Amino acid sequence: MRSWIDRFRFLTPGRRHSLVTEILVLQLLFAAYIGVIAVATLWWGANWAVTHNVTRWSREWVGNLGQLGAPLYASADDRALLVIEDYLAQFPEIMFVRYYDGAAGVLFSEAAGGFDAGEFPDLDAHQLEELTAQFEAGETEAVLNQRFGESRFRLVAPVIVSTVLRDGMVDFDLADEAQTAAEIRGFVELGLDFSRYRRQLVVGISSAIGITVLALIVLSILASSRLRSSLKPLSELRNRLADMAGGSAARPAEPSGFVEIDDINRALDRSVAAIDRRDKRLKRMAHYDVLTGLPNRYLLLEKIESEVQRLAAGGAEPAALLLIDLDHFSYVTDTASHAAGDRILKQVAERLHTIVGREQFLARFEGDEFVAILRGIDGDAARDTARRVVEQVPARPFIDSNRYFTLHVSVGAIRIDPAQRADELLAQAGLACHEAKRSGRNRYRFLSVSGQAQEQIAVEMDWLEAVKAALDNDDFQLVFEPIVATADGGLTHHEVLLRLIGKGGELIAPGEFLGVASRFGLMRRIDRWVLRHALSQLAARVLCGHATAFSINLSGDSFSDQELVGFVTEKLAEFQLSPELVMLEITEQVAVTELAAARDTLNQLRELGIRIALDDFGTGYSSLTYLKSLPVDYIKIDGAFIENLVNDPADQAMVRAIAEIARATDKRTIAEYVGNRETLELLRSLGIDSAQGHYIGRSQPTPSMAFDASPETA
């Protein structure tokens with residue numbers, strides 16, 4: 001039956017069909033199928049009945065007429081003729097009857113009214129002789145059956161007379177065939193016409209077929225109406241889903257009366273509620289800082305642009321921008337813990353909100369930096385607000401676990417100029433804050449864009465435009481620094497480093513431009529560029545049979561990006577790379593300051609099979625406290641402990657301790673800044689697993705094939 005549906009669809013190729021239409025078509029085809037079977041069965045049954053009845057009646061009639069005509073062979077009996085005529089009148093299907101006297105020909109012939117017996121020629125002597133031979137061979141019933149057309153035929157049977165062999169009456173028994181003898185006296189021929197019977201049958205069957213078809217049509221109409229009514233809840237369900245797909249709130253579902261549909265609607269309601277909660281959560285995560293609940297950098301940029309557009313459109317209220325940076329905040333995390341630092345940051349955010357006013361916009365820019373947009377405030381009022389922030393933040397200590405911390409801030413203040421972009425305004429505020437810090441910290445500076453300040457802003461804007469152009473035009477280049485095992489000098493993998501191609505073709509180190517890129521939210525784009533190109537080059541090396549693992553640096557922005565894992569998964573599949581060939585590096589500062597978000601992302605990446613390295617380890621943040629909980633595979637010891645390792649026992653003790661802790665937590669170690677053979681050999685003795693640095697090999701545009709520790713290399 002399915003093939004018939006497919007054939008029906010072939011009539012309209014390329015068109016979609018609704019479920020209701022397909023069910024109706026299936027119903028119609030099924031009804032037609034049942035109707036055909038019913039009509040065929042009726043027709044076959046009727047024909048079987050006709051054949052059976054005609055055969056039975058014909059044999060009965062010819063036998064009866066043989067008995068009724070037997071007296072004619074003894075004498076011309078008028079009563080016998082009358083009996084025969086009366087018998088013929090009872091059955092309109094009988095056209096005529098003929099009696100034959102042996103081979104002598106017709107003894108008697110009688111035709112029913114309206115029939116012409118001449119259409120059926122008399123039997124000749126030869127045919128009669130053959131019939132006699134058949135009888136003598138044992139045939140006692142009809143011996144000739146000839147058809148003329150569909151409904152007319154004739155039947156010939158012998159006329160048999162039984163005679164008594166003995167006339168003794170005492171012991172005579174009619175049941176005893178031995179005392180009687182059957183003798184053929186002649187033949188009776190019966191002409192039959194069942195056309196009227198067949199016509200009546202055809203009329204009856206046609207009427208039955210008509211009634212059946214009409215009943216099927218009526219039932220189909222009723223079933224279609226009922227089906228459409230029953231499937232109406234499905235249409236409502238489709239409309240609800242269409243509303244959801246279009247971004248509208250799903251309309252409330254009315255009870256359908258069907259258990260399955262109501263269950264689907266309830267499940268859909270739960271899904272809609274869950275999706276709505278998830279969307280709100282994701283939207284908040286995308287626009288608000290998880291720790292403080294304040295708007296984050298991305299929402300801040302939107303808000304600044306909105307203020308710029310308002311002022312450009314003739315807005316009467318002036319606006320100012322404050323960039324607030326905590327002075328020496330690392331003291332809190334170094335002396336207490338990162339968790340204590342988080343709790344203090346929450347208190348700082350609350351105090352700043354109180355100082356600048358709840359009606360004003362306050363955002364956490366990054367790390368320990370905050371930005372306030374002050375609407376309805378001119379230059380003098382902005383200076384006054386900046387002064388109050390500097391004075392009131394340290395006015396009362398911040399308390400955590402019975403410990404007291406006094407924090408100071410440096411504030412940069414500017415007036416929002418509608419002729420400038422959001423990134424330019426933030427650069428100006430950052431420059432003003434930098435001036436405040438250079439003046440001794442715990443100060444504020446209100447920046448008027450002129451002179452040297454303008455030049456510094458112009459420099460930052462130049463770097464910003466250079467980074468954007470490099471992203472758009474692929475003006476970055478990757479270089480590769482080898483990392484070897486300290487045990488045997490075998491090449492283990494390469495660290496992938498980023499360079500900006502300058503206007504003269506020179507390669508610019510990331511320290512020149514990544515600070516600007518970070519301030520203006522370009523790090524995620526840069527990280528995506530690095531990942532895409534690094535994995536592409538790794539795939540090319542695999543195809544050439546030179547596969548070595550790549551270690552790729554990512555920023556803190558990427559590790560807080562909800563889409564990072566999906567992007568990495570997509571690129572691994574695109575380049576057909578094994579995850580074991582990829583290592584991602586996260587700095588200790590990012591890993592610790594963004595511990596909650598980083599841990600979740602790191603775990604997902606490790607589940608893919610990617611290895612994780614903790615870079616710049618040992619620079620602060622109570623590293624040993626958090627090392628146990630960080631899901632990393634490698635620890636990269638900061639170069640500050642390695643550069644003078646041979647001559648500094650304190651550095652040696654620190655490196656030895658890191659190696660022991662790494663082994664205890666099932667992590668491997670990598671030492672950076674290895675500059676000579678002595679340092680490499682000392683690292684081997686201290687239990688460090690791998691090393692990199694100028695002695696091992698400088699960064700090159702293409703990955704090296706092996707480590708050459710010859711004196712020339714040194």
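This is a predicted model, so every value here is computed, not measured. If you read the sequence from its start, that first residue is 1, and numbering goes on from there.
Put simply, the side chain of Arg297 never gets that close to the backbone of Leu300: no donor and acceptor are under 3.5 Å apart. Looking at Ser439, its side chain does come within 3.5 Å of a backbone N or O of Glu435 through a donor-acceptor pair. A donor-acceptor pair is defined here as one N or O able to donate and one able to accept, closer than 3.5 Å; such a pair exists between the side chain of Thr665 and the backbone of Ile661. Formation of a donor-acceptor pair under 3.5 Å by the Ser558 side chain with backbone atoms of Leu554 is not found in this model. Judged by distance alone, the side chain of His533 and the main-chain N or O of Trp529 form a donor-acceptor pair under 3.5 Å. No side-chain donor-acceptor contact under 3.5 Å links Asp648 to the backbone of Asn644. Under a 3.5 Å cut-off, the side chain of Asn473 and the backbone N or O of Asp475 do not form any donor-acceptor pair.
In this structure, Leu531 and Leu564 approach most closely via the heavy-atom pair CD1-CD1, 4.0 Å. Residues Met523 and Ser518 approach most closely at CG-CA, 3.6 Å, considering heavy atoms. Nearest heavy-atom pair, Val332 versus Gly341, reported as atom, atom and distance to 0.1 Å: CG1-CA, 3.9 Å.
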N/O donor-acceptor pairs under 3.5 Å from side chains in residues 369-378, not counting sequence neighbours:
{"from": "Arg375", "atom 1": "NE", "to": "Glu317", "atom 2": "OE1", "distance (Å)": "3.4"}
{"from": "Asp378", "atom 1": "OD1", "to": "Asp380", "atom 2": "N", "distance (Å)": "3.4"}
{"from": "Asp378", "atom 1": "OD1", "to": "Ala381", "atom 2": "N", "distance (Å)": "3.0"}

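With a 4.5 Å cut-off on side-chain heavy atoms, Ile508 and Trp463 count as touching. For the pair Asn296 and Phe365, the minimum side-chain heavy-atom distance is 4.5 Å or more. No side-chain heavy atom of Val496 sits under 4.5 Å from any side-chain heavy atom of Asn553. Inter-residue side-chain proximity for Leu323 and Ile414 is flagged as unmet; no heavy-atom pair is nearer than 4.5 Å. The side-chain heavy atoms of Arg611 and Tyr634, taken from C-beta on, include a pair separated by under 4.5 Å. Glu305 has its side chain within reach of Arg421: a pair of non-hydrogen atoms, C-beta onward, lies under 4.5 Å apart. Between Lys303 and Leu299, every side-chain heavy-atom pair lies at or beyond the 4.5 Å cut-off. A heavy-atom distance below 4.5 Å is not found between the side chains of Val348 and Thr292.
Taking 4.0 Å as the cut-off between side-chain N and carboxylate O, Asp633 and Arg606 count as a salt-bridged pair. Taking 4.0 Å as the cut-off between side-chain N and carboxylate O, Arg525 and Asp472 count as a salt-bridged pair. Taking 4.0 Å as the cut-off between side-chain N and carboxylate O, Lys636 and Glu672 count as a salt-bridged pair.
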*asked:* Between Phe550 and Met583, does the side chain to side chain contact (heavy atoms under 4.5 Å, CB included) criterion hold? Intermediate values first, please.
replied: CA-CA 6 Å; Phe550 279 3; Met583 181 189 299; over 6 Å; no
*Give the intermediate values and the outcome of side chain to side chain contact (heavy atoms under 4.5 Å, CB included) for residues Phe476 and Phe513.*
CA-CA 12 Å; Phe476 286 117; Phe513 59 85; 3.9 Å; yes
_Pair Ile355-Val393, side chain to side chain contact (heavy atoms under 4.5 Å, CB included): steps then yes or no_ = CA-CA 8 Å; Ile355 296 171; Val393 166; 3.9 Å; yes
_Stepwise side chain to side chain donor-acceptor pair (under 3.5 Å) test for Glu495 and Ser551_ = CA-CA 5 Å; Glu495 181 176 3; Ser551 183; 5.8 Å; no
_Under the criterion side chain to side chain contact (heavy atoms under 4.5 Å, CB included), I'd like the reasoning laid out for Val390 against Ile324: C-alpha separation, chi angles, the key distance, then a yes or no._
CA-CA 9 Å; Val390 170; Ile324 306 164; over 6 Å; no
*Tell me, with the steps shown, if Lys468 and Asp423 meet salt bridge (Lys or Arg N to Asp or Glu O under 4.0 Å).*
CA-CA 12 Å; Lys468 289 181 177 179; Asp423 51 7; 3.5 Å; yes
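Test Arg443, Lys437, His408 against Asp327 for side-chain hydrogen bond (donor to acceptor under 3.5 Å, both in side chains) and you get one pass: Lys437.
For the residue pair Asp600 / Gln604, a side-chain donor-acceptor distance below 3.5 Å is found, with atom types taken as modelled. Side-chain contact of Asp527 with Ser555: a donor-acceptor pair under 3.5 Å is present, judged by distance alone.
Between Phe641 and Tyr673, the distance from one ring center to the other does not fall under 6.0 angstrom.
Partners of Arg343 according to the salt bridge (Lys or Arg N to Asp or Glu O under 4.0 Å) rule, which considers only residues two or more places apart in sequence or in another chain, are Asp400. Qualifying side chain to side chain contact (heavy atoms under 4.5 Å, CB included) partners for Arg387, counting only residues two or more places apart in sequence or in other chains: Asp384, Glu391, Tyr444. Qualifying side chain to side chain contact (heavy atoms under 4.5 Å, CB included) partners for Gln700, counting only residues two or more places apart in sequence or in other chains: Arg698. Taking Glu350 as the reference, Arg358 meet the salt bridge (Lys or Arg N to Asp or Glu O under 4.0 Å) condition, with sequence neighbours excluded.
Pairs of residues two or more places apart, or lying in two chains, never qualify as salt bridge (charged side-chain N to carboxylate O under 4.0 Å, His left out) while including a residue from residues 497-517.
Sparse packing is recorded around CZ of Arg396, with 12 or fewer heavy atoms of other residues, nucleotides or ligands lying under 6.0 Å away. Around CD of Gln392, the count of heavy atoms belonging to other residues, nucleotides or ligands within 6.0 Å exceeds 12.
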